[in-house]
**Q** 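My questions will all concern the structure given below.
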Amino acid sequence: MSYQYWDPEFETMPRGELAALQLQKLKETVSYALRTAFYKERLAKAGITGPGDIKSLADLRRIPYTTKQDLREGFPYGFLSVPREEVVRLHASSGTTGIPTTIYFSKKDIALWTGNVARCIYGTGCNKTDVFQNMITYGLFTGGLGFHAGGEEVGMLVIPSGPGNTARQFRLMQDFGTTVVHATPSFLLHVEARMREEGVKRESIKLRKAFAGAEPYSEDTRKRIEELLRIDVYNSYGLSEMNGPGVAFECQAKNGLHLWEDRYIGEIINPDTLEPVEDGEAGELVLTCLCREATPILRYRTRDLSGFYTEACPCGRTHRRLRRITGRTDDMLIINGVNVFPSQIEEVVMAMKEVGNNYLMVVEKEGVLDRLTVKVEVGKNIFMDDTRPLNALREKIRQTIQASITISPRVELHEGGSLPVSEGKAKRVIDNRPRDI
Ligand code: DLL
C-alpha cells in the first residue's frame, strides 16, 4: 500500500528531531501559560517562572496536572492568555455538571487546528475528488466546524449536513455522490439500520469511507459498520480541551491512532498513583497542547484510558500510536462491588451476529443489591415466531456477558429501531440508583 502524507516533513520526522521540536514548543506554551494567573501561581510552586526553567523534556514532569475542575473554576476567561481582541472563536463542552469548559482560539490557533484535521483526513487516502458529508453536530461542539474546516483544507467538497434526518442524509448522498462521511459510530449504525428499513440501495450511493469518533466503540463495532455499509472506517480521537478532533487518528494501516506529537505531548499515567506507567502499558492519557496560544493547557488529565503501541507503524509515520480508547476512568460502574466498563458490554454484544445495532445498559437498586439490565435490539421478524428462540438468544447473551464481567445481567430483547438514538454522543448507561448524599 502507498501511504500519503499531508505534512511529510513533520509526519515522518525522526524521533530525535521530534523531541527537539516538542521542547521548543513546550517552552513557548509555558510562556503563554505564564500570562494566566492560574498557571503563574501553579508553575511558580513548581519552581517555573519563565520558559528558561524548562531545560529538557524531562522538566515536563515538574509541571502539575491540570484537571477539568481547574478549567471550570477558571470559567469564563481564567485560561485566556492573549488579549480578548486576538480571539476569533470559542468552543465549549458542557459535560455532566453544566459548568462548561471554554477554549479560545486565535486566528493562528484555528489555522493550526485545521491543519491537524486536514492531516488526519488526507492520511486516510482522501483528496479533493472526494465529497464529504459531515453528519456531526455543528455549534459549540468541536466536531462539526473542526472537520468542516479540515475537509475544506484538503479541498474536498464539504456538505455541512449535521446529524439527524436520515431520509435527508440519503438524499444528499445520492444527489451529490458523497464518498466520505463523518459521524459518531452510534449514528453510523443508526444510519445503516435506517438505510435497510427505507430500502435505500447500496448501489445508489458512492460511500467508501467514514470517520467515526467522539465516543468509545469496540473493534467489533467498527467491523460491523464496515461490513454492513461496505466502507472503511477510521477511528478519530480528540477532545475540546485539546482543540477537538485532530488529536489522534488512524492511518490506512488502521491499527492504532497516531498522536500528532509535533502538536501534542502524550503521557500515560496510573490514575491512582499519578506516576507514569511502563512503556506500552495501559493507563490514563495526559495531554499537553503545543499548538494553541489563546488557551494553553499543560498536562491535562483526559480521564481517557489508552496506552501506546511500542512497535513502529508500517505507514512510515514516526508519531506513536494510541490504542483504541476503551472508556474513561469516570465511566466505570461499580455493580455489586464489581468494576464494569460499558465497553466490556459493547465488546460482547456487538460481536454477536444476532444482535442489532443498538443497546442500552440500565442499573437499578433492587432491595440492597444492584441490578444490571442490558437491553439489546434484535431483528423484527424474530418476534413473530414462538418464544423458544427468543429465550435461547436471551440466555446466550446473558451467559456471554456473565463470562466477561462476572455479573449476571437481566437481558431484554427489543425490536430493531426501538431503543433511543442520540444525534450526538450515544448515552449507553442509565444509572437509576439513588445517590448517596
Ligand atoms: O468529542 C471531539 C471530537 C469530535 C472527537 C469529533 C472526534 C470526533 P468532547 O466533546 O470534548 O470532544 O469529548 C471528548 O470524547 O475525552 C473521550 O472520552 C471521548 N472520545 C472522543 N473521541 C473518541 C474516540 C470531542 N475515538 C471525549 N474513542 C474524550 C473513544 C472518544 N472516546
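Indexing begins at 1, ligand by ligand and atom by atom, following the structure's order. Quick note: numbers below take in every heavy atom, side chains included, and nothing from hydrogens, waters or symmetry partners.
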**Q** Between the side chains of R324 and E219, is the shortest nitrogen-to-carboxylate-oxygen separation below 4.0 Å, so that they form an ion pair?
**A** yes
**Q** Is K254 close enough and on-axis enough to Y234, meaning under 6.0 Å and within 45°, for cation-pi?
**A**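 So K254 does make the cation-pi contact.
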**Q** Before accepting this row, confirm whether a basic side-chain N of the pair E41/K45 lies closer than 4.0 Å to the acidic partner's carboxylate O.
**A** yes
**Q** At less than 3.5 Å, what protein N or O atoms come close to the N or O atoms of ligand 1? Include the distances to 0.1 Å.
**A**
| from | atom 1 | to | atom 2 | distance (Å) |
| --- | --- | --- | --- | --- |
| ligand 1 | 1 (O) | K425 | NZ | 2.8 |
| ligand 1 | 10 (O) | K425 | NZ | 3.2 |
| ligand 1 | 11 (O) | S240 | N | 3.0 |
| ligand 1 | 11 (O) | S240 | OG | 2.5 |
| ligand 1 | 13 (O) | K425 | NZ | 2.9 |
| ligand 1 | 15 (O) | A214 | O | 3.4 |
| ligand 1 | 15 (O) | K425 | NZ | 3.2 |
| ligand 1 | 16 (O) | D304 | OD1 | 3.4 |
| ligand 1 | 16 (O) | D304 | OD2 | 2.6 |
| ligand 1 | 16 (O) | R328 | NH1 | 3.2 |
| ligand 1 | 18 (O) | D304 | OD1 | 2.6 |
| ligand 1 | 18 (O) | R328 | NH1 | 3.2 |
| ligand 1 | 22 (N) | A214 | N | 3.1 |
| ligand 1 | 26 (N) | N235 | OD1 | 2.8 |
| ligand 1 | 26 (N) | S236 | O | 2.7 |
| ligand 1 | 28 (N) | E215 | O | 3.3 |
| ligand 1 | 32 (N) | P216 | N | 3.4 |

**Q** Under the salt bridge (Lys or Arg N to Asp or Glu O under 4.0 Å) definition, can you give me all pairs with a residue in residues 183-197, not counting sequence neighbours?
**A**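 Applying salt bridge (Lys or Arg N to Asp or Glu O under 4.0 Å) to every pair that reaches into residues 183-197, excluding sequence neighbours, yields E192-R196, R194-E197, R194-E198.
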**Q** Do R317 and Y5 form a cation-pi contact, if we require the NZ or CZ to be under 6.0 Å from the six-membered ring centre and within 45 degrees of the ring's axis?
**A**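 That pair does not qualify as a cation-pi contact.
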**Q** One pair to check against side chain to side chain donor-acceptor pair (under 3.5 Å): S418 and E377. What are the steps and the verdict?
**A** CA-CA 7 Å; S418 63; E377 283 186 1; 4.6 Å; no
